[in-house]
Structure formats: structure tokens, C-alpha cells
Amino acid sequence: MRTATLGPAERTVALAAMAERELDVLVVGAGVVGAGTALDAATRGLSTGLVEARDWASGTSSRSSKLIHGGLRYLEMLDFALVREALKERGLLLERLAPHLVKPVPFLYPLQHKGWERLYAGSGVALYDAMSVSSGHGRGLPVHRHLSRKHALRVAPALKKDALVGALQYYDAQMDDARFVTELVRTAASYGARVANAARVIGFLREGERVVGARVQDVEGGTEYEIRAKQVVNATGVWTDDTQGLIGERGQFHVRASKGIHLVVPKDRIHSTTGLILRTEKSVLFVIPWGRHWIIGTTDTDWDLDKAHPAASSADIDYLLQHVNSVLNTPLTRDDVQGVYAGLRPLLAGESDATSKLSREHTVAHPAPGLVVVAGGKYTTYRVMAKDAVDEAVHGLDQRVAACVTEDTPLLGAEGYKALWNARARIAARTGLHVARVEHLLNRYGSMTEEILELILADPALGEPLPAADDYLRAEIVYAASHEGARHLDDVLTRRTRISIETFDRGTRSARLCAELMAPVLGWDEERIDREVQHYEKRVEAERESQRQPDDLTADAARLGAPDIVPI
């Protein structure tokens, strides 16, 4: 395996190498599906390239509910195949592929009706557990249990007594979605894939009807590259139709965007030892444990405005607060909200008028010779989507290709993670870090934690926490730029860390120090540092302003008040 370092020099080399020799597969889009597709192709022995117009996971894949789950509510839709598939993937991720990133999380489902509801909901959760175990990868999670109202209130004292007559508790799993994608990309690179972010596809190369590659622009430097490939995979999510438009046709299906927003509040605002799942008139609402915070979400509404920066309106925030407050003893207010983020789900249109009822199943198509499109699906089943996309691409390759092996290919950081976790006290003693800091690093980087510790050994000041975001060490900011492909301050504060949603100042107090830590790695001077900080501050102010607006149109207009940074 090659090094998995994704610094600025490696990016330059990758772009040049992709343009130098024809690839077997070029993947467009580095969300979870695109990154997974690159890993799948590379581990089959195919020469693989991956290009992303912005940053890894900068679209949908960094703005999800951060759950790895089977989709309990899809049982009500009788979509057993999707649930079974997702539960198998959940088990693989927990047990084998990414135990350092994917963790069990408990949820409490309050019952509001005596008798029939416990039987109905209990049967569904029992089936959920049974399907998980039958997948062969579900034995690592506790089974569900029935709770009386008294017991449920001990587990979740924040609930109003009259909000439930009893409860069910069951388990799913969660992860940091953007970090997961970053590790997917690095794992693909370690198996030989050439990867580059800030590399936008501006057109496809054609020979007659056949797509034979793409014209790619280095967004940072302006250089254009012709990257030839035997097969191109379009994995651009909600941008699928736009990407297809570059070859003059929409394709065989249409991707519809559904907006979901989430609120982040401090842990002490909701007194509970478990997450919550609540029914709404349209869908379900989750209250999800998230370190020293809770994530509350989500909404599910049509969105046909700016795809790069979907905006949360005041009405969206009020909707979530109203629903969660209906069951809480102490209501949450706007002042309790530390962070807000909005994302777009890529749904296949034509299945239903209501986005919450659209299937999360995916589709793979070959709309033109040399071009494969994959769309739809859900985060949990990214690996299956990637496998199907590469299987389809293989049909167009004039060579024998090995079968998919990603079911047995752990992500970087997984190998050795459990042994290091068992040795965390010794690591803390050796490095002088508190054991809680070591646990934090292991659950973000797994066995790659040693690379962070090497940075701290070389410069002990990097072992200090960020003053205004003390969950994170300074070394993590440097590492994001030197090893994880971060190109801008926004990449670090929003995706490599979650400072942008985990602090009341939304990262503005950490911005300058983080930019100064990134500067030596990326070659920034004082002027560039100032520009990165100013851009980030404008972004935060535009987001705050959008969240004061009454509806989508005004919120979108306010958010677009802060343009994307364009480097000199």
C-alpha cells in the first residue's frame, strides 16, 4: 500500500498522474458514494482516479444525521430488502470495516398509547433486531427492551411525564460523516487511487457517442487537465442532473433534492442517558447524543434553490424546536442552539409526491457508452452502491476484473484500533496527554493516531487544545492540512473538525489560530491568512442571517451573501 498522506504536494502529483495515462475508472464526486466507488475500484486492481469540485464530503455527506442505521421506519413501508441490506452494512461497519469511527448509540421511543402501540411498535423493533442478527453481523449490539413509564423517566428524566405511557429502547449506530468520507478517500489512495479535491469537471471527453474521460479544472490554480478513462462514474448526488447536463442529456432518471436541517445543543440542555426518536406528522425526529452535545433533526422538505449552500430558515428551526419541546420538561429556546446545519438528500424522483415517502433505494445506469451514473440510496448502504456502480463499469471494460472485496477491506485506522484502545492508559502516560484526549484521538483516527502523536513529539505546543474549542488539539488542525487534504480554513472548521457547529461562536474565535496553524503546511502568507479568516467570518454571518429569515427564498438569498472563497 502507498502512503495515505493527502497534502498539497500529493494533490499536485495526483492531478498530473491522472492526466498522464488513461485510467480504468474515473470517479466524479467525493461524497460517501464517490469515495466508496474509488475504494471499490482500486481494491479490484483497477487504475482509479477521484476528483471533487470542492472538498471531500462538502455536500450531502457532511450534513446528515450522522447515523448508520437500518432505517427502522422503512419497515412500516414494508421495504424489508432495504432494511436487511442496511442492517448488514451497519454490522460490517461496527465490527470489521470501521470500528474506530462507527459506534453503538441507544434510542428511546416513547409510547403514547396503552396496549396496541406497545404491541405494534414492539413487533417492529423485534423484527429489526432479528433481521440484524440474521444478517450475520448484528450480534455486537444489545437487543431492544420494553420499559415502563417510571423506568423510561429514569433513563430520560428530561421527558414530560404525560408525554409517554411507557417506552421501547433499541440500538443503532452513529459516526462523524465527514470524517468517515475523509478516511474512505485516504484508504482508496492507500490502495493506489489518485485523488484530488478542488478539481472540477467542466466537460466530458467524447469520441462519437462514447465518453472517454473528462476535462478537469484545478480550482486552485486554474490549470485544465484532460483525464482519459475507459469508464467514468458520475457519483455527484444532488448534482447528478447538472453533471449529466455536461454531455447534453439528463439520463434515465431525475434526482430530486430534499432539505433536512439539524440543530446542535449542549448536552446539559437535555437530561438523558439515551437518544430519543419521536414521531412527527410527516416523519420521525431524532435527538442524537453527539459528544458534549445533542443533534436534533431532521426536516424533510423540497429544495430547488442553491445546492452548494442549502439554508436553514427561521421556520425550519421553529419546527424542530416545537416538536422536541412537545416532550421536554424544560423547553429549548433559540438561545440554546449552538449550531445549525442543512443538507440535501438525493432522492430519485417520480416515486412519490412527498419526499419523506421517497425510497432511499439507489439506481445505477449506463446512459452512454463509457459513462455510469449512480444515485439515490442512503449513507449506510454506500458500499453496496459503490459495488453496483463498479460492477456496471466493469461491463464496459475489455478485461477480466476481480470481484468486489470491500466487505473485507477495513478503512485506514481500523487495523490495530482495538489493541490501541486497550493500551490507551499507557499511551497517555507515554505522551503526557490525558487519557480522555487519547480516547478522543483514537475515536477519530484509530491507529492513525500515532501520526498525530508524532506531530506532537516534534512540536509539543501542538499537544495543546485550541483555546476556544478545547475538544480539539492544535495538532489535529495541522494534520488536516498535511494528511487529510484540507485546502481552506472552512474545510477544517466545518468538516475535519466540527467546531463550526459545536461552539456558540461557530468557530470564529478559533479561526485565526487555525489558519496560522495551517499556513506553514499550505504556504500561506499573512495576506492569505487574513483572507481565509475574513471569508470564514462572512460565511458564519451569512448563515446566521439566513436563519433569521422566514422562508426558504429569503434564507437562500441571505446565505448567498457570502460567496465561496476563490484563491488568488
Side-chain angles (χ1 to χ4, degrees), residues 1-6 10 27 29-46 48 50 52 55-57 61-62 64 66-69 86 88-104 137 140 173-195 197 235 377-387 389-390 404-421 439-452 476 479-480 483-486 495-498:
M1 291 167 58
R2 296 190 308 113
T3 175
T5 300
L6 302 182
E10 289 79 10
V27 183
V32 71
V33 176
T37 300
L39 175 59
D40 188 294
T43 52
R44 296 194 199 199
L46 298 172
T48 305
L50 173 67
E52 161 59 44
D55 183 31
W56 323 131
S61 295
S62 61
S64 74
K66 313 197 190 315
L67 293 176
I68 295 292
H69 63 126
K88 177 189 173 183
E89 294 303 310
R90 183 190 72 177
L92 280 170
L93 289 164
L94 277 165
E95 296 169 10
R96 182 187 302 168
L97 303 184
H100 57 311
L101 300 175
V102 180
K103 305 293 180 182
H137 297 282
Q174 68 176 163
M175 46 70 224
D176 182 327
D177 47 10
R179 170 141 303 282
F180 188 93
V181 174
T182 296
E183 297 306 335
L184 263 182
V185 172
R186 293 186 69 195
T187 306
S190 74
Y191 282 102
R194 301 291 189 175
V195 304
N197 53 0
K378 59 201 291 285
Y379 199 111
T380 303
T381 56
Y382 81 89
R383 194 191 64 80
V384 179
M385 296 175 68
K387 173 186 177 297
V390 177
C404 173
V405 296
T406 55
E407 189 170 318
D408 298 302
T409 305
L411 271 58
L412 283 181
E415 293 283 4
Y417 159 72
K418 291 179 180 176
L420 287 173
W421 181 259
E439 291 176 352
H440 161 88
L441 294 175
L442 288 171
N443 284 330
R444 282 170 54 77
Y445 307 96
S447 55
M448 306 292 279
T449 294
E450 291 295 340
E451 294 182 345
I452 300 277
E476 296 181 76
Y479 188 79
H483 286 69
E484 297 181 333
R495 285 173 291 279
R496 302 305 183 279
T497 70
R498 293 306 189 155

To the nearest 0.5 Å, what is the distance between NE2 on H483 and OG1 on T5?
4.0 Å

Could you check if a side-chain atom of K387 sits within less than 4.5 angstrom of a side-chain atom of E407, using non-hydrogen atoms only?
no

Heavy atoms only: give me the nearest R96-D408 pair and the separation to one decimal.
NH1-OD1, 2.7 Å

Hey, are the side chains of K66 and F180 touching, using non-hydrogen atoms and a 4.5 Å cut-off?
no

Nearest 0.5 Å, please: how far is CG in L101 from CG in L442?
11.5 Å

Side chains of S447 and H100: closer than 4.5 Å at any heavy-atom pair?
no

Please walk me through it: do L39 and T406 pass side chain to side chain contact (heavy atoms under 4.5 Å, CB included)?
CA-CA 8 Å; L39 175 59; T406 55; 4.3 Å; yes

Flag side-chain contact, heavy atom, 4.5 Å: L184 against R383:
no

OG1 on T48 to CZ on R194, rounded to 0.5 Å:
11.0 Å

Pairs under 3.5 angstrom only: tabulate donor-acceptor contacts from the side chains of residues 410-421 to other protein residues two or more places apart or in another chain.
| unit_1 | atom_1 | unit_2 | atom_2 | d |
| --- | --- | --- | --- | --- |
| Y417 | OH | K103 | NZ | 2.5 |
| Y417 | OH | N443 | OD1 | 2.8 |

How close do S62 and A178 get, counting heavy atoms only, and between which atoms?
CB-CB, 3.7 Å

Salt bridge (Lys or Arg N to Asp or Glu O under 4.0 Å) partners for R44, two or more places apart
D40, D391

Contacts of type side-chain hydrogen bond (donor to acceptor under 3.5 Å, both in side chains), residue Y445, not counting sequence neighbours
E476

side-chain hydrogen bond (donor to acceptor under 3.5 Å, both in side chains) against D176, all qualifying residues, sequence neighbours excluded
R498

Here the gap from E89 atom CD to I68 atom CD1, rounded to the nearest 0.5 Å, amounts to 9.5 Å

Taking every non-hydrogen atom, the tightest pair across T380 and L93
O-CD1, 4.4 Å

Mind checking what makes side-chain hydrogen bond (donor to acceptor under 3.5 Å, both in side chains) contact with T497, not counting sequence neighbours?
none

R495 versus W56: any side-chain heavy-atom pair under 4.5 Å?
no

Contacts of R179 that satisfy salt bridge (Lys or Arg N to Asp or Glu O under 4.0 Å) - sequence neighbours left out:
E183, E484

For D177 and S64, work out which heavy atoms get closest and say how close.
OD2-OG, 2.6 Å

At their closest point, which heavy atom of V33 faces which heavy atom of A386, and how far apart are they?
O-CB, 4.3 Å

Just wondering, do M448 and R186 contact through their side chains at under 4.5 Å, heavy atoms?
yes

Minimum heavy-atom separation for G34 and L50, please, with both atom names.
O-CD1, 3.9 Å

